[in-house]
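Presented below is the structure to which this report refers.
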Amino acid sequence: MPGTDQYLAGLKVLIVEDEPFIALDLAFGVEEAGGVPLGPASSVAQALKLIENELPDAAIVDVDLPDGKIGPVLAVLRPRVPVVVHTGVGLPQALREAHPELQVCTKPTAPSELARRLSVEISRSL
């Protein structure tokens with residue numbers, strides 16, 4: 001949509017989401033905000049593979065994936081990479097304790113809002 005703020009201009013944003021339509025919507029939202037989507041990864045293993053050689057600039061991740069919870073990916077990304085969690089189930093207690101600073105958005109949250117919140121997290125990490 002023309003006129004969308006370029007919150008993520010030029011940044012590589014990892015998308016971890018196992019629901020194909022949501023993943024494509026998130027990728028489109030990242031592009032609309034000027035970012036470059038990395039993925040989407042639909043599993044913990046795919047996400048880890050995508051980031052094994054180079055960390056993204058930021059990430060939007062789901063919690064529950066076919067091969068487990070997002071914890072191993074967060075362990076690699078945090079605290080160096082700003083992350084917004086996009087989930088329908090909330091952040092499990094163990095992950096909340098390990099990463100109390102994480103921004104958690106409940107599904108459905110519009111991709112434009114996720115991009116805006118991710119830009120806030122990026123600003124905080126500078």
Side-chain angles (χ1 to χ4, degrees):
M1 98 187 113
T4 299
D5 288 320
Q6 298 292 291
Y7 295 120
L8 305 175
L11 298 177
K12 290 182 287 182
V13 179
L14 174 66
I15 297 170
V16 184
E17 171 61 61
D18 62 324
E19 296 292 334
F21 290 116
I22 295 173
L24 290 174
D25 200 30
L26 293 176
F28 181 70
V30 166
E31 288 174 343
E32 286 292 309
V36 178
L38 180 59
S42 62
S43 68
V44 170
Q46 284 180 349
L48 292 172
K49 185 73 172 162
L50 282 172
I51 61 177
E52 82 182 355
N53 293 322
E54 182 181 3
L55 288 177
D57 298 308
I60 299 172
V61 302
D62 191 5
V63 172
D64 285 320
L65 299 164
D67 59 346
K69 303 248 185 266
I70 197 68
V73 176
L74 293 175
V76 172
L77 296 177
R78 298 299 302 149
R80 297 176 287 174
V81 176
V83 173
V84 169
V85 176
H86 185 231
T87 179
V89 298
L91 205 56
Q93 183 68 29
L95 290 177
R96 200 168 343 145
E97 289 173 3
H99 306 282
E101 77 290 349
L102 282 179
Q103 175 76 231
V104 178
C105 300
T106 304
K107 289 181 181 177
T109 299
S112 59
E113 177 63 14
L114 291 169
R116 189 192 68 73
R117 289 188 184 199
L118 192 54
S119 73
V120 169
E121 291 305 305
I122 292 166
S123 296
R124 287 183 184 159
S125 70
L126 298 177

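For clarity, every value in this text was computed on a predicted model and none was experimentally measured.
Using a 4.5 Å heavy-atom threshold, the side chains of Val83 and Leu102 count as touching. When side chains are defined from C-beta on, Val30 does not count as touching Val36, because their heavy atoms never get closer than 4.5 Å. With a 4.5 Å cut-off on side-chain heavy atoms, Leu65 and Gln46 do not count as touching. Looking at Leu77 and Leu55, their side chains come closer than 4.5 Å, going by heavy atoms from C-beta outward. A 4.5 Å side-chain heavy-atom check between Leu26 and Pro40 finds every atom pair outside the cut-off. Taking the side chain as every heavy atom from C-beta outward, Val120 and Val84 never approach each other to under 4.5 Å.
Glu113 meets the side-chain hydrogen bond (donor to acceptor under 3.5 Å, both in side chains) test with Arg116, Arg117; sequence neighbours excluded. Taking the side-chain hydrogen bond (donor to acceptor under 3.5 Å, both in side chains) definition, one finds that Glu52 meets it with Lys49, sequence neighbours left out.
Salt-bridge formation is not detected for the pair Lys107/Glu19: no Lys NZ or Arg NE/NH1/NH2 atom is positioned less than 4.0 Å from an Asp or Glu carboxylate oxygen. Remark: Glu101 engages Arg78 in a salt bridge, criterion side-chain N to carboxylate O under 4.0 Å.
Clustering ILVMFWY residues whenever any of their side-chain heavy atoms sit less than 4.5 angstrom apart, transitively, puts Ile15 in a cluster other than the one holding Leu24. At a threshold of 4.5 Å between side-chain heavy atoms, the hydrophobic network of Ile, Leu, Val, Met, Phe, Trp and Tyr places Val104 and Leu74 in one connected group. No continuous path of ILVMFWY side-chain contacts below 4.5 Å connects Leu11 to Val81, so the two sit in separate hydrophobic clusters.
To the nearest 0.5 Å, atoms CD (Glu121) and CD1 (Ile60) are separated by 11.5 Å. Once rounded to the nearest 0.5 Å, the distance linking CG of Leu91 with NE2 of His99 reads 8.0 Å. Distance check, rounded to the nearest 0.5 Å: CG of Leu8 to CD1 of Ile122 gives 5.5 Å. Here OG of Ser43 is found 9.0 Å from CG of Asp18. Values are rounded to the nearest 0.5 Å. In this structure, NZ on Lys69 lies 9.5 Å from CG on Asp62, to the nearest 0.5 angstrom.
Here the closest heavy-atom approach between residue Pro92 and residue Gly90 is recorded as CD-O, 3.5 Å.
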